[in-house]
Amino acid sequence: MTASGCKNLLIVNGPNLNLLGTREPHIYGASTLADIEQLCIVTAESQGFTVDCFQSNHEGDLVDAIHSAAGDAAGIVINAGAYSHTSIALRDALAGVGLPVVEVHVSNVHKREEFRHFSYLSAVSDAVIVGAGISGYRMAVEYLTERI
Ligand code: DQA
């Protein structure tokens with residue numbers, strides 16, 4: 001399906017988010033990536049949307065996934081993990097496909113180390129949700145389904 005009339009969203013998760021559930025639970029909580037993906041699926045379906053979920057620990061694979069959204073998705077939810085703070089390539093990929101984007105971070109990056117305060121992705125995102133735990137993904141999906 002082309003982006004026009006498309007009711008599909010791409011959910012992108014970056015490095016180390018596959019470890020959610022066991023990774024620093026005092027910061028990220030007990031929920032797993034599978035829990036997040038299920039939350040996105042259920043939220044999207046309740047609004048008549050579908051989702052494709054993608055996770056990778058490799059920057060180029062994340063770029064490729066964003067490019068693939070150009071014909072397959074009407075919006076993108078992305079938690080690029082640490083690449084948020086380092087990757088001009090991911091920023092350019094999001095700008096390049098020109099789809100609505102919501103950036104999500106499970107933790108409140110602004111309460112943490114200073115190197116987490118800046119994200120290359122925020123300036124090319126329509127909305128940024130930080131510190132809401134995995135509910136941030138639900139909010140991001142709702143934001144996109146309300147606007148597409
Ligand atoms: C994160 C915050 C990033 O700073 C960190 O590198 C992550 C997870 C979050 O969801 O809170 O991997 O994106």
Side-chain angles (χ1 to χ4, degrees), residues 7-47 49-70 72-148:
K7 288 199 156 196
N8 188 45
L9 304 176
L10 177 65
I11 315 297
V12 180
N13 281 289
N16 300 308
L17 294 167
N18 55 311
L19 297 182
L20 286 175
T22 56
R23 173 194 185 195
E24 299 180 276
H26 56 291
I27 296 174
Y28 297 112
S31 299
T32 64
L33 181 61
D35 295 331
I36 287 170
E37 293 181 345
Q38 188 59 28
L39 178 60
C40 291
I41 291 167
V42 168
T43 306
E45 280 180 356
S46 73
Q47 304 302 320
F49 278 69
T50 55
V51 299
D52 292 322
C53 297
F54 181 80
Q55 189 274 331
S56 177
N57 296 317
H58 305 280
E59 188 175 15
D61 290 343
L62 295 164
V63 170
D64 287 343
I66 292 166
H67 290 180
S68 75
D72 286 342
I76 299 172
V77 175
I78 184 164
N79 181 351
Y83 287 142
S84 313
H85 316 302
T86 63
S87 179
I88 298 170
L90 288 179
R91 182 235 182 260
D92 286 351
L94 291 170
V97 298
L99 291 169
V101 177
V102 182
E103 177 183 8
V104 174
H105 295 283
V106 174
S107 65
N108 182 353
V109 286
H110 300 292
K111 282 177 80 174
R112 300 181 62 196
E113 302 94 328
E114 196 162 350
F115 63 82
R116 297 185 202 276
H117 296 182
F118 174 77
S119 166
Y120 281 102
L121 310 190
S122 299
V124 294
S125 297
D126 296 277
V128 180
I129 301 168
V130 304
I134 76 164
S135 297
Y137 289 84
R138 176 177 49 73
M139 296 173 195
V141 169
E142 286 173 349
Y143 175 94
L144 289 172
T145 60
E146 284 168 13
R147 282 161 183 79
I148 290 167

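For ligands, and for the atoms within them, numbers begin at 1 and follow the listed sequence. All residue numbers in this chain count up from 1 along the given sequence.
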Distance-only check: which donor-acceptor pairs under 3.5 Å involve side-chain atoms of residues 101-109, not counting sequence neighbours?
| from | atom 1 | to | atom 2 | distance (Å) |
| --- | --- | --- | --- | --- |
| Glu103 | OE1 | Ser122 | N | 3.2 |
| Glu103 | OE1 | Ser122 | OG | 2.7 |
| Glu103 | OE2 | His105 | NE2 | 2.7 |
| Glu103 | OE2 | Ser119 | OG | 2.6 |
| Ser107 | OG | Arg112 | NH1 | 2.9 |
| Asn108 | OD1 | His110 | N | 3.0 |

For a distance cut-off of 3.5 Å, show me each N or O of ligand 1 paired with any protein N or O, plus the separation.
| from | atom 1 | to | atom 2 | distance (Å) |
| --- | --- | --- | --- | --- |
| ligand 1 | 4 (O) | His85 | NE2 | 2.7 |
| ligand 1 | 4 (O) | Arg116 | NH1 | 2.9 |
| ligand 1 | 6 (O) | Ala82 | N | 3.2 |
| ligand 1 | 6 (O) | Arg116 | NH1 | 3.1 |
| ligand 1 | 10 (O) | Asn79 | ND2 | 2.8 |
| ligand 1 | 10 (O) | Val106 | N | 2.8 |
| ligand 1 | 11 (O) | Val106 | N | 3.3 |
| ligand 1 | 11 (O) | Ser107 | N | 2.8 |
| ligand 1 | 11 (O) | Ser107 | OG | 2.6 |
| ligand 1 | 12 (O) | Arg23 | NH1 | 3.1 |
| ligand 1 | 12 (O) | Arg23 | NH2 | 3.0 |
| ligand 1 | 13 (O) | Asn79 | OD1 | 2.8 |
| ligand 1 | 13 (O) | His105 | ND1 | 2.7 |

Non-neighbouring partners of Tyr137 that pass side-chain hydrogen bond (donor to acceptor under 3.5 Å, both in side chains), sequence neighbours left out: Asn13, Asn79
With Val77, the side chain to side chain contact (heavy atoms under 4.5 Å, CB included) member among Val12, Leu10, Val51, Ile11: Ile11
Residues Leu33, Gln55; criterion side-chain contact (heavy atoms from CB on, under 4.5 Å); working and verdict: CA-CA 9 Å; Leu33 181 61; Gln55 189 274 331; 3.7 Å; yes
Asn57 and Glu59 side chains, donor-acceptor separation under 3.5 Å: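 The criterion, which ignores hydrogens and geometry beyond distance, is not satisfied for Asn57 and Glu59.
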Qualifying residues under salt bridge (Lys or Arg N to Asp or Glu O under 4.0 Å), relative to Glu113, sequence neighbours excluded: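 For Glu113, the residues satisfying salt bridge (Lys or Arg N to Asp or Glu O under 4.0 Å) (neighbours in sequence not counted) are Arg116.
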